[in-house]
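From a predicted model like this one, the values you see are computed outputs, not experimental measurements. Both counts, for ligands and for their atoms, begin at 1 and track the order of listing.
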Amino acid sequence: MKMIPYSRQDINEADIKAVARVMRSPWLTQGPTIERFEKAIAKKVGAKFAIAFNSGTAALHAAYFAAGIKKGDEVIVPALTFAATANAALYLGATPVFADSDIRSGNMSVADAREKITNRTKAIVPVDYSGRPADLREFRALAKKHKLIFIEDAAQALGASYRGKPVGTQADMTMFSFHPVKSITTGEGGVIVTNSAAYARTLRLFRSHGISKDARTFVKKGHGEWYQEMQVLGFNYRMPEMSAALGESQLKRLDSFIHKRSAAAKRYHKLLANIPNLILPQAGRSHEQPAWHLYPVRLSPEVAHRRDEIFTKLRKAGIGVQVHHVPVHLHHYYEKLAYKKGLCPNAEAFVASEISIPLFPGITLKQQTYIAREIREILARL
Ligand SMILES: *Cc1c(COP(=O)(O)O)cnc(C)c1O
């Protein structure tokens, strides 16, 4: 049986043409497309600057670097996220400190994050789990009060809005990912948007070996025109032009993608209503429009211990379910760093009862109806 994936990209002829056009051009990297794509992203979310990277993870690494995060610093991240949010702190020798989740939304709890602040805390990084904006206003106030840098991991939330504005300018720096399962894709890729010219400059430097070609910024003066100056230890995190061309073309359909995802989520709310032991994700609250990256359903405590069995049955029925995510502190690598089970009980309970069911712009009513029927039957037969 062909598996219905939990997510998949939506590629059309215009996307393919845009990529082909770049391949016939003189520029495969560091050309004009990347700059156009960055401008388009910045405009779309209302930010002054956008700096694209070859992955969302590289973008996070750069943002943490630009924030000045270094050895000895602590970075507050949610336990319930993809590992990259925490890994980027480790890359810089800093310590990820895990905050627990709000059990309803899965997003980082403001109260628990507040508890985790110490005099070593440098930055706070809420994640918009499943594409639903975190409590950004509250995190902004918390960051301001404690003089923390506020970075938003909005990898899953491009196209979401919060209190009447697109996600992208609430934090000091916001990251979006362009992995194929996310709101739009560039194959691999990511971006940081910011209103700070200083962050933007450091992000660009970090992306390209830490080498500046702008004579106005040189510390050592009096060189010939050939001179370039390495000013920080950066990486090669550049996005190729083919990816930028795909992103530019995809971005034109972002609104339509979010509209389709949100219509499919609404259909699930109806199709899955009143199934015993099944807890549905909250509908969008009045102050937000989620990007609906995921549709995370949860099992009630009565049947949550049978989650893996239910998961396997759904897979056997051709439904490409997933669990999002392994709580980061419970990854083997993190356990070896002495993080322990019990550290974030809500995040652990959330994930232990969670199943992400297929949701993507091209999902059909027929597929959704089938998925809902299988879930209803599997739970009834337990
Ligand atoms: C996808 C994702 C990332 C990593 O993005 P990549 O582009 O795959 O490197 C980081 N954080 C979260 C929350 C994600 O969902």
Give yes if a backbone or side-chain nitrogen or oxygen of [X] is under 3.5 Å from a nitrogen or oxygen of ligand 1, and no if not.
| X | value |
| --- | --- |
| M175 | no |
| E188 | no |
| T57 | yes |
| Q156 | yes |

For ligand 1, which atoms, with element, lie under 4.0 Å from some heavy atom of [X]?
| X | result |
| --- | --- |
| G189 | 7 (O) |
| S55 | 7 (O), 9 (O) |
| T81 | 13 (C) |
| V127 | 13 (C) |

Single hit among F82, Y6, Y295 for ring-ring contact (aromatic ring centres under 6.0 Å, His included) with H324: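 The option that passes is Y6.
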
Minimum-distance protein heavy atom relative to [atom]:
| atom | answer |
| --- | --- |
| atom 2 (C) of ligand 1 | K182 NZ, 2.7 Å |
| atom 5 (O) of ligand 1 | S177 OG, 3.4 Å |
| atom 11 (N) of ligand 1 | D153 OD2, 2.8 Å |

If the threshold is 4.0 Å, N to carboxylate O, is there a salt bridge linking [X] and [Y]?
| X | Y | result |
| --- | --- | --- |
| D214 | R201 | no |
| E229 | K220 | no |
| K44 | D255 | yes |
| K39 | E35 | no |
| R207 | E38 | yes |

Between F178 and F37, is the gap from one ring center to the other below 6.0 Å?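 Centroid distance F178-F37: below 6.0 Å, so yes.
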
For the residue pair K70 and A94, what are the closest heavy atoms and their distance?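 Residues K70 and A94, closest heavy atoms: O-CB, 3.6 Å.
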
Min heavy-atom dist A59 to ligand 1 below 4.0 Å: no

